[in-house]
Number of protein chains: 2
Amino acid sequence: MTTVKEVAKRAGVSTATVSRVLNDIPNVTPDARKRVQDAVQALNYRPSRVARRLRIKHTQVIGLIISDIQNLFFTSVTRGIEDIASRNGYSLILCNTDEDADRERVYLEVMHAENVAGIILASATETGHDPELLNGRIPVVALDRLITDVQLDTVLVDNVGGAETAVAHLLSHGHRRIGMISSQQQLTTAREREDGYGRALKEFGLPVEPSLIRKADVRQIADSRRQALDLLALPDRPTALFTFNNTTTLGTLTAIQERGLRIPDDVAVAAFDDLPWATLLDPPLTAVPQPTYELGKTAAEMLLARIANPHRPTTQNRLSLDLVVRESCGADHRPPDGVAQAV
Amino acid sequence: MTTVKEVAKRAGVSTATVSRVLNDIPNVTPDARKRVQDAVQALNYRPSRVARRLRIKHTQVIGLIISDIQNLFFTSVTRGIEDIASRNGYSLILCNTDEDADRERVYLEVMHAENVAGIILASATETGHDPELLNGRIPVVALDRLITDVQLDTVLVDNVGGAETAVAHLLSHGHRRIGMISSQQQLTTAREREDGYGRALKEFGLPVEPSLIRKADVRQIADSRRQALDLLALPDRPTALFTFNNTTTLGTLTAIQERGLRIPDDVAVAAFDDLPWATLLDPPLTAVPQPTYELGKTAAEMLLARIANPHRPTTQNRLSLDLVVRESCGADHRPPDGVAQAV
DNA sequence: ATGAAAGCGCTAACAC
DNA sequence: GTGTTAGCGCTTTCAT
């Protein structure tokens, strides 16, 4: 490994001058600069970021910790983060916790130890965090999931509203027994989406029937399928299903197909979280898309703002959601275009 | 930030002893050990990996560089890598190049500068690499895509064979005009899959008609759709389509749907790279699944082996592929089970 | 068993 | 404009 020293020697200057050239600091004669550059070239010198960081303290690297790398939701969010990060001269490194609090801790330690400039975290848990890790010297932005034991900049979506809209849509189509495939993991998103589900029922004067909410491992299509099969095997089968995220949706659709049921006639489906191939399904899926790119962009911007000014008050950003109506809930029974909406 | 020094002071020992305790080195009296541990606790001390690494030189971190984080193929491979890595006490950090050679270079530099123990690289390009970066002091394993300008441990799939099988399947169903949505990016996988396509045609005595191969941006469903639409608008429309990967498949299916064509009657489809929801499509998709988990596992194992022994000869691993026949190519015309296969 | 001290590769005062 | 030098936080001989 070549070092500044060797470069300095070869260029016939001091290490300080080499450092100056490398870091574009003025006050170097063009001649010296040229000699240093030549030496760098000749020796194929590559400065050690590790050493540099030990001095410098900060880096142009942002760390992202997500809980399920196989979930398109998170990878799309990542794209949003990446764009903002790289536009601002930051690199992004990504770690996957697989919904495991221990792994999350390890990766938070890694990020700290690496001295990243900031961290964006979609936490596997709502509480139980090490305050030193989240409220320490490295700024952290909470993404998608609320963290309640530490006050952080946060960006979320309107889970309650989104779920409520979707379930209300099912209700407005006449469904009265609506099952939900929710999350087995303790997530704030799950609680909020269940809340939205409950609210919609309440608006229609319906009680929440606990047996109609099944909890699935949100990382696994197979487990979601199993829970959906259970729901569909109920003596008084639900006529509609509301799903927690894209994975549970896939499991649910698989279960429905296996049971030989037709959508929406035998069972209607509304999903939280859209799929890029929703229109390729038969019938196309009614869903509440999440503004993934926007979510990532916002998180990155909040983080950069905090890096720039560590003392600004923490803020919370909740992005709103809209339902996209396709055919999986039955033909739309709203009046056609142009017709006045009489009761 | 607390340092060894402060811990040492508080524990009433030297920094050397603190370091010994921290690194589980024997020869420390239980008493001293206890005092150090207490001090660590009390000060919430967190050793700086940056400083540590400057001395130590190596880390328990593996770097993975992939070209499209939104592609399920790569994220599934990641899971395989992760399992092996964490089972061996390594953390995994992931970077996304978005098929951009410049970004790939930047991230390779980041990984080098971070001094990771090893790198797994799905390169955006076949050549044009900096040999210092790939054949330098940090071991690199090439994943999924062949790198020809530097000799590396490599793990691939049998692209030629897989493509050949898929296209032969279409041919055996009577198709004679078979279009291919391939990759606009210069990828070895694209060349090999095109090769397989050509071989299958040749076996049936058919020439490759260049106008039937359209190149799409493999990251974008939208672009794949566009290319597929072009193919479907040809005066002498192909009766079957073979797609390069899951993204091109999605674009192609979208195009077919938009054109109002039926699968497989109007146009049959066979895909390279399976989708977890292939059976939810109507009709279910015939595809060549890739052993993603195995691919990641193998890559990680090769990398660990090389880290353990930097001087072993480089090896190349090519995983074989099988076609999964579903309905998107038409009813299977092979004899039913148990019937002797007469001619 | 423990401590003193050197030094990993780099940057940034400070002196000239 | 350039060089000397101290030191970032850690590990590791080498003494003791």
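Every chain is numbered from 1, with letters handed out A, B, ... down the list of sequences.
Considering B:Leu295, B:Val157, B:Val155 as possible partners of B:Asn317, the one that fulfils the side chain to side chain contact (heavy atoms under 4.5 Å, CB included) test is B:Val155. When the options A:Asp130, A:Thr97, A:Thr125, A:Asp100 are evaluated for a side chain to side chain contact (heavy atoms under 4.5 Å, CB included) with A:Arg105, the one that passes is A:Asp130.
Listed pair B:Thr17 / C:dA1 fails the phosphate criterion, with no side-chain N or O lying under 4.0 Å from OP1 or OP2. Residue B:Asn23 places at least one side-chain N or O closer than 4.0 Å to OP1 or OP2 of D:dT11. When the side-chain nitrogen and oxygen atoms of B:Lys57 are compared with OP1 and OP2 of C:dG9, one or more of them lie within a distance under 4.0 Å. B:Thr15 has no side-chain polar atom (N or O) that falls below the 4.0 Å cut-off from OP1 or OP2 of D:dG9. Regarding contacts with the backbone of C:dG9, every side-chain N or O of A:Arg52 stays at 4.0 angstrom or more from both OP1 and OP2.
B:Ser19 comes within contact range of at least one nucleobase, with a heavy-atom separation under 4.0 Å. Counting non-hydrogen atoms under 4.0 angstrom, A:Pro26 reaches nothing in the nucleic acid.
Rounded to whole angstrom, the span from the CD1 atom of B:Ile25 across to the P atom of D:dT11 amounts to 8 Å. Separating the CD1 atom of B:Ile56 from the P atom of C:dA6 is a distance of 20 Å, rounded to the nearest angstrom. Atoms CG (A:Asn27) and P (D:dG1) sit 4 Å apart, rounded to a whole Å. Summarising the geometry, the separation between CG on A:Asn115 and P on D:dC10 is reported as 11 Å, rounded to the nearest angstrom. For the pair B:Leu22 CG and D:dT12 P, the interatomic distance rounds to 12 Å; values are reported in whole Å. To the nearest angstrom, C1' of C:dG9 lies 7 Å from OH of A:Tyr45. Atom NZ of B:Lys5 and atom P of C:dA6 are 13 Å apart (whole Å). The distance from atom CG of B:Asp31 to atom P of C:dA1 is 13 Å, rounded to the nearest whole Å.
For the 3.5 Å distance criterion, the side chains of A:Asn23 and A:Arg52 qualify, holding a donor opposite an acceptor. Side chains of A:Asn96 and A:Tyr107: no donor on one and acceptor on the other come within 3.5 Å.
Judged by closest nucleotide on DNA chain C, B:Ser14 is the one of B:Ser14 and A:Ala16 placed further toward the 5' end. If you find the closest nucleotide of DNA chain C to A:Met1 and to B:Arg33, the one lying nearer the 5' end belongs to B:Arg33. Between B:Val50 and A:Gly12, the residue whose closest nucleotide on DNA chain D is further toward the 5' end is A:Gly12. Along DNA chain D, the nucleotide nearest A:Ala32 and the nucleotide nearest B:Val18 are compared for position; the residue whose nucleotide lies closer to the 5' end is A:Ala32.
At least one donor-acceptor pair under 3.5 Å links the side chain of A:Thr188 to the backbone N or O of A:Leu146.
Considering only the side chain of A:Thr29, D:dT2 comes nearest among C:dA6, C:dG9, D:dT2.
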Between protein and nucleotides 14-16 of chain C, what N or O pairs are separated by less than 3.5 Å?
none

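Residue-environment remark: CD (A:Gln60) exceeds the threshold of 12 foreign heavy atoms within 6.0 Å. Shown here is B:Gln151, whose CD atom has no more than 12 heavy atoms of other residues, nucleotides or ligands within 6.0 Å.
The two atoms that bring B:Lys5 and B:Thr15 nearest to each other are CA-CG2, 4.0 Å, heavy atoms only.
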